[in-house]
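This is a predicted model, so every value here is computed, not measured. Whatever order the structure lists ligands and atoms in, that order sets their numbers, starting from 1. We use all heavy atoms of the structure for the numbers below, so side chains are in, but hydrogens, waters and symmetry mates are not.
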Amino acid sequence: MGHPATSVTRSRFDTNRRQFWIGGAWRDPAAGEGVPATVVADPTGRPAAGSVPAATAADVDAAVAAARAALGPWSASGVPQRQALLAGLADAVRAREADFARLISAEMGAPMDNALTTQTRLAADVFASYADVLDGFTWEERIGRAQVVSEPVGVVAAITPWNYPLYLIAAKVAAALAAGCTVVLKPSGDAPLNAFLLAEVFAETAAAHDVPGAVLNVLTGPGPTVGAALAGHRDVDAVSFTGSTEAGRAVAASAAATVKRVGLELGGKSARVILADAPDGGTVTDLDEAVRTALADVFYNSGQTCTACTRVLVPEAVYDEAVELAAREAGRWRLGDPALPGDHLGPIATARQYAAVLAHIDGAQAEGARLVCGGRPADVPGGLDRGNWILPTVFADVTNDMAVAREEIFGPVVCLIRYRDEQEALRLANDSIYGLAGAVWCADAERAHQCARGIRTGLVTVNRGEFDVRAPTGGTKQSGIGRELGAHGLHEYLETKTIQW
Ligand code: NAD
């Protein structure tokens, strides 16, 4: 079926990149023309979405030096100029939203509706939200005879993943620029093209608002070399990383030698607690809705959401009914071509991730979990002849000690776990090395909130709770250090100075 891979090249944007955005200009890699292009694969198996150059240590040095040189003027800029830049970036991303969405869809397989809304408009909302956060933000306070002053932390390295690539870039770049910091951004090599389009959009917006183009620098390259060089760089003051817990540990280790500030947004294995109507009761009001909500939370973005509540804890009395409902509900989800609009699921973003999800599905069955539905589809959808396709998958009879319940899968895989009473539910929810998110479903709002307070994570959703870009997110335990979004996110990029007399 004919959706040509060239759809993204219809825009003005060149998907085969040869230069980095450094020091307010597009620059050739320091290694010159010999630098190999890294191909950005299309997860449907179509021809590549594009290519990007790989930076070397000399490019990292150049980007950091440019960010350092721009720090003085930008940290001295006033709030109105920062607000104008941030609001301008929000408008500019919105104006190019169709281009961003097509790129992101081709790079990482998000269907067009998702690519337009969560992937792109949410990123624009984050830029806009930081213009608002600066309204009335308290930069100084008096404590006795001391004046306590907030100052930008300095040059920030931002290292980001592929699953919500533009939104996760915005969460760092908007907050850092709002604080008066300058940034070197290294996006994921699996979905870097949207970052290059952002650099183009940024160049125009910065010029329009008289902002030095070097306040944001963008380069690409492998995490273990380019990301590590940034994290360990002596002229980088802070590193903000979103990605796997494994790479987060490496980033923290690289940063340790220079004792720089580290923000980590890492993996999760979050739990959703479906509570019975009464502590000793055997019924759940709207169980079908509870199950539908639980599955939608995991299947959206093909399960590649760090906060997805992939462990669904169900009261024993309604467990079998919940399994039946989940099987029926999962069967309503369709795989489909990400180039098309609709609420279908796209492929897994990368071949590496695809292999990992399949291995988890095999492993779960080997350790005794019951595959209710899902796995690898018999036919790839939409006439596409290849791609990283996984059906919405549900496992029953999962116990919390199984690997499928302990390890982050990052695919459309739900584990249904039974529990006897509320205390056991909370114990199971908290029995994880991770602490990113959680959810509670209960008709009784007071009990739901009480349960939410017992879950040891950075974010808990009650019933259909809505995400708000002004409220902080982040993890406890091995899900991370620090918070992003809103005023809390701004504080991550500020140093506190006390002037006493
Ligand atoms: P990843 O850890 O493989 O890569 C993330 C980024 O880190 C990439 O830019 C990569 O090049 C870089 N990197 C890799 N190794 C590095 C190293 N040693 N030093 C410096 N940089 C390095 O993650 P991914 O596969 O791109 O994304 C999926 C992961 O991200 C999942 O574990 C998911 O849970 C996590 N995630 C977390 C959040 C959150 O807010 N907590 C949000 C989205 C994704």
Side-chain angles (χ1 to χ4, degrees), residues 38 40 43 52 54-55 60 107-108 118-119 122 126 157-172 175 184-192 194-195 218-233 236 239-256 260 262-270 298 301-310 348-357 360 407-411 432-437 457-459 467 469 472-485 489 492:
T38 306
V40 184
V52 292
V60 170
E107 288 183 289
M108 53 70 67
T118 320
Q119 301 282 357
L122 197 60
V126 171
I159 303 175
T160 55
W162 47 259
N163 57 329
Y164 292 96
L166 185 65
Y167 157 70
L168 292 166
I169 286 171
K172 298 187 189 311
V184 179
L185 168 66
K186 192 210 85 62
S188 163
D190 293 310
N194 64 89
V218 181
L219 47 67
T220 43
T225 54
V226 177
L230 280 168
H233 205 288
V236 169
V239 56
S240 178
F241 171 85
T242 300
S244 60
T245 295
E246 193 187 352
R249 284 188 198 107
V251 166
S254 299
K260 58 173 59 80
V262 180
L264 300 174
E265 299 284 333
L266 309 177
K269 189 74 195 181
S270 301
V298 178
N301 209 37
S302 298
Q304 302 163 119
T305 303
C306 53
T307 53
C309 295
T310 50
I348 299 294
T350 71
R352 189 182 64 241
Q353 184 62 29
Y354 179 54
V357 176
H360 275 292
E407 295 170 14
E408 183 179 56
I409 296 177
F410 232 52
S432 169
I433 60 163
Y434 296 111
L436 192 56
T457 60
L459 172 74
F467 185 68
V469 290
T473 62
T476 64
K477 300 193 261 179
Q478 294 187 33
S479 289
I481 300 171
R483 293 292 178 267
E484 291 200 307
L485 300 180
E492 301 284 326

Note the single closest protein heavy atom to [atom], along with its residue, its atom name and the distance in Å.
atom	value
atom 8 (C) of ligand 1	Thr160 O, 3.3 Å
atom 17 (C) of ligand 1	Gly223 O, 3.5 Å
atom 36 (N) of ligand 1	Cys306 CB, 3.6 Å
atom 27 (O) of ligand 1	Pro161 CB, 3.2 Å
atom 28 (C) of ligand 1	Phe410 CE2, 3.6 Å
atom 11 (O) of ligand 1	Lys186 NZ, 2.9 Å

In terms of atom number and element, which parts of ligand 1 are under 4.0 angstrom from non-hydrogen atoms of [X]?
X	result
Leu436	41 (N)
Ser188	9 (O)
Ile159	6 (C), 7 (O), 9 (O), 12 (C), 21 (N)
Ala250	18 (N)
Val251	19 (N), 20 (C), 21 (N)
Asn163	43 (C), 44 (C)
Ala228	19 (N), 20 (C)

Exercise. Is the closest N or O pair between Glu408 and ligand 1 shorter than 3.5 Å?
Worked result: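 Min N/O separation from ligand 1 is below 3.5 Å for Glu408.
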Exercise. Can you check whether Thr242 has an N/O within less than 3.5 Å of an N/O in ligand 1?
Worked result: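 So ligand 1 has no N or O lying under 3.5 Å from an N or O of Thr242.
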For this session: Run through Gln353, Arg352, Glu107 and flag the one making a side-chain contact (heavy atoms from CB on, under 4.5 Å) with Asp190.
Result: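 The side-chain contact (heavy atoms from CB on, under 4.5 Å) with Asp190 is passed solely by Arg352 among Gln353, Arg352, Glu107.
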Side chain, backbone, both or neither: [X] near ligand 1, heavy atoms under 4.0 Å:
X	value
Ser244	both
Thr350	neither
Phe241	side chain

[X] side chain near [Y] side chain, heavy-atom distance below 4.5 Å:
X	Y	answer
Ile409	Lys269	yes
Val239	Leu230	no
Met108	Ser188	no
Val226	Leu219	yes
Asn301	Gln119	yes

For this session: Evaluate the 4.0 Å heavy atom contact test for atom 25 (O) of ligand 1: does a protein atom fall under the cut-off?
Result: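 Neighbour list for atom 25 (O) of ligand 1 includes protein heavy atoms (cut-off 4.0 Å).
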For this session: Please check if any side-chain donor atom of Thr457 sits under 3.5 Å from a side-chain acceptor atom of Tyr434, or the reverse.
Result: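 Short answer, no.
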Problem set entry | Donor-acceptor pair between Lys172 and Thr242 side chains, under 3.5 angstrom |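 Per modelled atom types, Lys172 and Thr242 side chains form a pair under 3.5 Å.
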Problem set entry | Closest heavy-atom pair and its distance - Asn194, Pro165 |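 Of all heavy-atom pairs spanning Asn194 and Pro165, the closest is ND2-CB, 3.5 Å.
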Exercise. Can you name the closest pair of heavy atoms from Ser270 and Ala308 and give their distance?
Worked result: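 Closest approach of Ser270 to Ala308: CB-O, 3.6 Å.
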Exercise. Just going by heavy-atom distances, which of Leu264, Val226, Leu266 is nearest to atom 37 (C) of ligand 1?
Worked result: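 The option holding the nearest heavy atom is Leu266.
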Exercise. Which of these, Gly243, Gly267, Ala247, Gly475, has its nearest heavy atom closest to atom 35 (C) of ligand 1?
Worked result: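 Heavy atom nearest to atom 35 (C) of ligand 1 belongs to Gly243.
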Exercise. Please walk me through it: do Glu492 and Arg483 pass salt bridge (charged side-chain N to carboxylate O under 4.0 Å, His left out)?
Worked result: CA-CA 7 Å; Glu492 301 284 326; Arg483 293 292 178 267; over 6 Å; no
For this session: Examine distances only and state if a side-chain atom of Ser479 and a backbone atom of Gly267 form a donor-acceptor pair shorter than 3.5 Å.
Result: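 Yes; at least one donor-acceptor contact below 3.5 Å.
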Exercise. Which residues pass the ring-ring contact (aromatic ring centres under 6.0 Å, His included) test with Phe410, sequence neighbours left out?
Worked result: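 By the ring-ring contact (aromatic ring centres under 6.0 Å, His included) rule, Phe410 matches Trp162.
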